[in-house]
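Take a look at the structure set out below.
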Amino acid sequence: MRTSQYLLSTLKETPANAEVISHQLMLRAGLVRNLASGLYTWLPTGLRVLKKVEQIVREEIQRAGGNEILMPMVQPADLWQESGRLEDYGPELLRINDRHKRPFVLGPTHEEVITKLVANELSSYKQLPLNVFQIQTKFRDEIRPRFGVMRGREFLMKDAYSFHLEDECLEKTYQIMFDAYCRIFERLELNFRPVLADTGSIGGEKSHEFHVLADSGEDDIAFSDASDFAANIEKAEALAPTGERAAPTQELTKVATPNVKSMDDLVQCLSVDLKTTVKTLLVVGATTEDAAETVVALVLRGDHQLNEIKAEHLPQIASPLTFASEEQILAAANCNAGSIGPVGLNIEVIVDRSAAHLSDFVCGANEDDAHLTGVNWQRDCNDISVHDIRNVVAGDPSPCGQGNIEIKRGIEVGHIFQLGRKYAEAMNCAVLNEGGKNQTLTMGCYGIGVSRIVAAAIEQNHDKYGIKWPKAIAPFQVAIVPMNMAKSARVKETAEALYESLNQAGIEVLFDDRKERPGVMFADHELMGTPLLLIIGERNLDAQQVELKNRITGEKSLIAIDEVMSLFN
RNA sequence: CGGUGAUUAGCGCAGCUUGGUAGCGCACUUGGUUUGGGUCCAAGGGGUCGCAAGUUCGAAUCUUGCAUCACCGACCA
C-alpha cells in the first residue's frame, strides 16, 4: 500500500474527550473515528488490526473444535420472552419494532438464537458434543460508554457455545476452551491472567474471566503472591480471621459524637483505630410474597468495603442490591445513616466475618450524634448471622491457602461459563439419549471481546511516540520511508524496487511516497506502531545499504539492500 | 438514571465577567524555500458561535428551555 492511496488520518493533537491512552492513540493514529456515543467507525489501519485479532481468535477456536456460523444481529423479541431474559436483561437490551410493529431486539449476545437452532438441528446424542461460534457485532445499550472501543455500545465479539449431554463432557470442553483462550492471548503477546469470576446476569455455575493487566482496567483482580490463584474481586473470598475472638474487657458505653456523619469523622472524633469500628449499612431485603419491603442491616469493619455481589447472592437480600431510602433508614433505626449500629436493631443483621471477630468495638447508637464504645457480640448483640460480604484487600490471606492477596487492575477481554441447562430448558433443547429418552442438553458459553482486545493491546504496548504493536497484530509488518525521494532518483528507484519485491512476497508493506519531510514520516509511522522501518537515503546508497529501525527496541542498523528480503523469511 | 463539566473553522483553544457582528495555533490550498526527526517565508480558503425561544436598537456574550458529548457511580466482552 502506498500512503498516497491510503486513508492515513493521523492527528498531531490529542482529541479533548479521549481519556485513556489507548483511546487517544487510536484516534491519533487514525484507527477509529467516533460516530456517536459508544459507536465507532474503523478506519483502514484499525480494521487491519481488528481483522488480525479476529483471525487469531478464529484459528484457535477452530483448532478447539469450533464450527463457525453467523447469526443475525436482529432477533425476534419472542425468543427473549421464551428464555425470560426480555425482562431480566433490562434497558441494556435495545428493543426495536419492524414496520409491522413486531418487536425485535438488537442482539447483545446469542444464547437464545443458538439454543433454538441447536434444538431444531439436533435430535440424537450421537451428534454431541457440539461447539459452534461466530464473530459478530453485538449491541448493548450501555449506561455509560467510555474509553473508546474499550466499552462501546456496538462492539465485535467472538461468542462460542457448546452443547453436551452430560456435565463431564461440558467440563472437558470447558477445559479445551480455557486452553484455547490461553493460546489466543499468548499469540497476541498480551500479559494476561485467567481469573475466577462471578457468573453475572448470564447465569450458570463455573466461570473464568481472562484479564489483560493494565492500570486503566475497570476490574480489580485479587492474586495470591504465592500461587496461581487469581479471582475477580467480586468473587474472591475473604477468609474468616483465625483464632478465637478476644473476650470483652470494656463496658458498653454511649458517647456523644456531634456532627459525625462518616467513618473518617468518627475516627477523628473518638481518636480510635478505624479497624476497631464497624459500619452498618441498610439494604432492601428479598421480597417475600405479599409482604411489604423489608430492610436488612449489613455490618462491616470500618476499614472494609461492602462487596455488593456477595451481598446480593444472600437469600435474605434483594437482587440487585438496593440501598435503603432515608425514610426506610429512619423507620428501621430511628436515626440517620451516620449513626446506625447493630445493637438493639430490630431487623435482620448480617455481619461480615472480620467484623464478627472484633471485640470492644465502636458502632453507631441508633441515635443521631451518638455512638457506642466497648461493644461486644453476644453480650450486647446476639441475633446475628455471619457471612463473607466484604471485598478482599491487599495483604489478606489468599483463599487458596497459600500466600497473601495482591490487587491489580485488569481489562476483561474474555469470559467463559458453564451455563448448565438454564437456556436448554427454557428453549426446549433436548435430544434422544442412548435409552431413547428425551434429555435436556447442558451448555457452555465462551466470549471474547475482539474490538476490546485492540484497545487492551495498546494499553499494554505504547510509549510517548505512539503504539508499539505486538508483531502478530501490527497493521503493516514494515514501512518504507524514503528520504527526499522527490529529489533523488536513486532513492526513488531503490524504494520502488523494494516495495515491489515486498509486495510480491506477500508482505504487508506501507510505502510512504508522500512528499513530506523525514520528521513528519517518522512521527507518523511511530504513532501507527509499524514494527519495522526501512529508511532509504542517499547517505547509505553508495554502499548499497538501507537503514533498518526496530520500533519496539528502537535499534537501528544498516543492511545490504540484497539482504532485505531475507528479513521476512 | 443521579452528580459534575463542556459545546466557537477538520483538530486544540481564546473571546463571554463589562453585549457593538469572531480570533489564535495546528491542519488545508497556492507559490517559493528546505530535505535523515513535526523547516521557514508569503498569499489564501474555511465558522447558521450546539438548537430553540426570550431580553435588547443590537446577542458567541445576558435569561430560559432542549439536545449532544465527556467525566465520577451501578452494567459487561
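Each chain gets a letter, A, B and so on, in the order the sequences are listed, and its residues count up from 1.
Taking Asp141(A) as the reference, Arg153(A) meet the side chain to side chain donor-acceptor pair (under 3.5 Å) condition, with sequence neighbours excluded. The ring pair (Phe, Tyr, Trp, His ring centres under 6.0 Å) search around Tyr174(A) returns His208(A), not counting sequence neighbours. Qualifying side chain to side chain donor-acceptor pair (under 3.5 Å) partners for Arg144(A), counting only residues two or more places apart in sequence or in other chains: none. For Glu308(A), there are no side chain to side chain donor-acceptor pair (under 3.5 Å) partners two or more places apart in sequence or in a different chain. By the ring pair (Phe, Tyr, Trp, His ring centres under 6.0 Å) test, Phe511(A) pairs with Tyr499(A), sequence neighbours left out. With sequence neighbours excluded, no residue forms a ring pair (Phe, Tyr, Trp, His ring centres under 6.0 Å) with Phe147(A). For the side-chain contact (heavy atoms from CB on, under 4.5 Å) test, residues two or more places apart in sequence or in another chain that qualify with Ala236(A) are Ala222(A), Ala231(A), Val392(A).
Of the residues in residues 547-554 of chain A, Glu547(A), Lys549(A) come within less than 4.0 Å of RNA chain B through at least one heavy atom, sorted by number. RNA chain B is contacted by Phe522(A), Ala523(A), Asp524(A), Glu526(A), Ile535(A) of residues 521-535 of chain A, taking any non-hydrogen atom closer than 4.0 Å.
Aromatic ring centres of Tyr40(A) and Phe155(A): separated by at least 6.0 Å.
Taking 4.0 Å as the cut-off between side-chain N and carboxylate O, Lys279(A) and Asp352(A) do not count as a salt-bridged pair. Under a 4.0 Å N-O distance rule, the pair Glu111(A)/Lys422(A) does not qualify as a salt bridge.
In Asp215(A), the CG atom is not crowded: 12 or fewer heavy atoms of neighbouring residues, nucleotides or ligands sit closer than 6.0 Å.
Taking atom CG on Leu93(A) and atom P on C76(B), their separation rounds to 13 Å, with Å as the unit. Atom-to-atom, CD1 of Ile448(A) to P of C76(B) comes out at 19 Å; the value is rounded to the nearest Å. Residue Leu11(A) contributes atom CG, which lies 14 Å from atom C1' of G38(B) at whole-angstrom precision.
Across all strands, Val413(A) comes closer than 4.0 Å only to sugar-phosphate atoms, never to a base (heavy-atom distances). At the heavy-atom level, Met157(A) lies under 4.0 Å from the strands shown only through sugar-phosphate atoms. Residue-level contact check: Gly537(A) touches the bases, meaning some heavy atom is under 4.0 Å from a base atom. At the heavy-atom level, Lys138(A) lies nowhere under 4.0 Å from the strands shown.
Close to U39(B), at under 4.0 Å from its OP1 or OP2, lies a side-chain N or O of Arg517(A).
Residue pairs that meet the side chain to side chain donor-acceptor pair (under 3.5 Å) test with at least one member in residues 449-459 of chain A, sequence neighbours left out, are Ser22(A)-Glu459(A), Ser216(A)-Glu459(A).
With no hydrogens or angles considered, a side-chain donor-acceptor pair links Thr45(A) and Tyr6(A) at under 3.5 Å.
Between G46(B) and G2(B), the two P atoms lie 43 Å apart (nearest whole Å). Taking atom P in both G20(B) and C66(B), one finds a spacing of 28 Å when rounded to whole Å. Going from the P atom of C51(B) to that of A59(B) covers 14 Å, rounded to whole Å. Comparing the C1' positions of G15(B) and C71(B) gives an interatomic distance of 25 Å, to the nearest angstrom.
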Going 5' to 3' through nucleotides 22-32 of chain B and flagging B where a protein heavy-atom sits under 4.0 Å of the base, S where only the sugar-phosphate is that close, and - otherwise, we get ---BSS-----
Could you list all N or O pairs between the protein and nucleotides 70-74 of chain B that sit under 3.5 Å apart?
from	atom 1	to	atom 2	distance (Å)
A70(B)	OP2	Ser37(A)	OG	2.9
C71(B)	OP2	Arg144(A)	NH1	3.4
C72(B)	OP2	Arg144(A)	NH1	3.2
C72(B)	OP2	Arg144(A)	NH2	2.5
C72(B)	N4	Arg144(A)	NE	3.4

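Ring geometry, His415(A) versus Phe417(A): the interplanar angle falls under 30°, so the pair is classed parallel (tilted spans 30 to 60°).
With U34(B), G36(B), C75(B) as the choices, the nucleotide that has an atom nearest any side-chain atom of Glu218(A) turns out to be C75(B). In the set U35(B), A77(B), G36(B), the nucleotide with an atom closest to the side chain of Asn540(A) is G36(B).
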